[in-house]
Amino acid sequence: MSDLPPLQWLDAQSALHVLRILQEVLTNIVKHSDATEITVTTAEATGAVGGAEEIGVWVCVQDNGRPFMPPPPEVALPGRRGVANIRNRVTVLGARCAWQPLPGGTLFKLWLPLSQHYGQQQKKSGQSLVAN
């Protein structure tokens, strides 16, 4: 990962959010997709992200299992909090994520900004949308 730009804003709490996002994605693949292969890649991201010109880092997780597309954020599934927790953590980080069903699996993409200008009030006040 030495080819990636450093994320100077990535403190211990933010790093824990990234870890928990990836942990949930990998857990869901193992539990639900019947995948036999998982690939994790990283890359520097430049260009338009979410309609804006921004620089950051992509973390991508691809599997060869059953394709998956989560329900829209406004649809809550009883007893299923994993995707909602991922989305909440992504929001806290000021990041973006997407699932892309593929003919032979699913691609999960997590975009992390190079510079941090997300909810600074949350950091200052110690608020969090999700538990550790």
Side-chain angles (χ1 to χ4, degrees):
M1 288 213 224
S2 61
D3 59 333
L4 297 176
L7 303 175
Q8 300 295 338
W9 57 268
L10 194 66
D11 59 17
Q13 185 65 37
S14 298
L16 182 59
H17 282 306
V18 173
L19 173 68
R20 296 291 188 230
I21 289 167
L22 296 173
Q23 181 180 31
E24 184 65 36
V25 168
L26 293 170
T27 297
N28 286 345
I29 291 169
V30 170
K31 286 173 68 174
H32 304 295
S33 79
D34 291 328
T36 59
E37 207 171 293
I38 299 170
T39 304
V40 179
T41 58
T42 57
E44 185 173 356
T46 57
V49 176
E53 190 75 20
E54 299 191 50
I55 299 172
V57 172
W58 285 113
V59 180
C60 300
V61 181
Q62 185 170 350
D63 69 71
N64 68 347
R66 285 193 307 277
F68 172 73
M69 184 62 161
E74 61 275 4
V75 176
L77 300 176
R80 296 280 176 99
R81 297 282 312 139
V83 170
N85 285 341
I86 290 170
R87 287 177 170 147
N88 286 339
R89 290 180 190 280
V90 166
T91 298
V92 167
L93 292 171
R96 294 182 184 87
C97 73
W99 288 262
Q100 181 181 354
L102 303 170
T106 303
L107 173 62
F108 172 80
K109 295 174 77 173
L110 173 64
W111 177 83
L112 300 166
L114 185 59
S115 62
Q116 192 60 318
H117 46 81
Y118 79 95
Q120 292 299 326
Q121 298 86 2
Q122 290 164 329
K123 277 191 141 181
K124 290 177 186 173
S125 68
Q127 294 175 350
S128 178
L129 296 177
V130 292
N132 295 335

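Quantities reported herein were computed from a predicted structural model and do not represent experimental measurements. The chain is numbered in sequence order, starting from 1.
By the rule that hydrophobic residues join a cluster once side-chain heavy atoms approach within less than 4.5 Å of another member, Leu112 and Leu26 end up as members of one cluster. Cluster annotation: Leu10 is connected to Val57 through the hydrophobic network of ILVMFWY side chains, with a link wherever side-chain heavy atoms come within less than 4.5 Å. Tracing side-chain contacts under 4.5 Å through hydrophobic residues (I, L, V, M, F, W, Y), one reaches Val90 starting from Val40; they form part of the same cluster. By the rule that hydrophobic residues join a cluster once side-chain heavy atoms approach within less than 4.5 Å of another member, Leu102 and Met69 end up as members of separate clusters.
Scanning both residues, Pro72 and Arg87, for their nearest heavy atoms gives C-NH1, 3.7 Å. Nearest approach of Trp111 to Gly56, heavy atoms of both residues: NE1-CA, 3.7 Å. The heavy-atom pair separating Glu24 from Gly82 by the smallest distance is OE2-CA, 3.3 Å. The two residues Pro67 and Pro103 make their nearest non-hydrogen contact at CG-O, 4.3 Å. Minimum heavy-atom separation, Ala95 to Leu110: CB-CD1, 4.2 Å.
We find the OG1-CG distance between Thr27 and Leu22 to be 10.5 Å, quoted to the nearest 0.5 Å. One finds the CD1 atom of Ile29 at 12.0 Å from the CG atom of Asp34 (value rounded to the nearest 0.5 Å). A distance of 6.0 Å separates CZ in Arg89 from CG in Leu16, rounded to the nearest 0.5 Å. The CH2 atom of Trp99 lies 5.0 Å from the CZ atom of Phe108; values are rounded to the nearest 0.5 Å. Taking CD from Gln100 and CD from Gln62, the interatomic distance works out to 8.5 Å, rounded to the nearest 0.5 Å.
Contact check for Arg81 versus Asn88: side-chain heavy atoms found under the 4.5 Å cut-off. In this structure the side chain of Phe68 never reaches within 4.5 angstrom of the side chain of Asp63, judged on heavy atoms. Inter-residue side-chain proximity for Leu93 and Ile21 is flagged as met; some heavy-atom pair is nearer than 4.5 Å. Inter-residue side-chain proximity for Cys97 and Ile86 is flagged as met; some heavy-atom pair is nearer than 4.5 Å. Asn28 has its side chain out of reach of Ser33: every pair of non-hydrogen atoms, C-beta onward, lies at least 4.5 Å apart. The closest side-chain heavy-atom distance from Leu7 to Leu114 is below 4.5 Å.
Using a distance-only test at 3.5 Å, with no hydrogens or angles considered, no donor-acceptor pair links the side chain of Asn64 to the main chain of Gly104. Side chain of Trp9 to main chain of Ser14: no donor-acceptor pair is present (N/O by atom type, distance under 3.5 Å, no hydrogens or angles).
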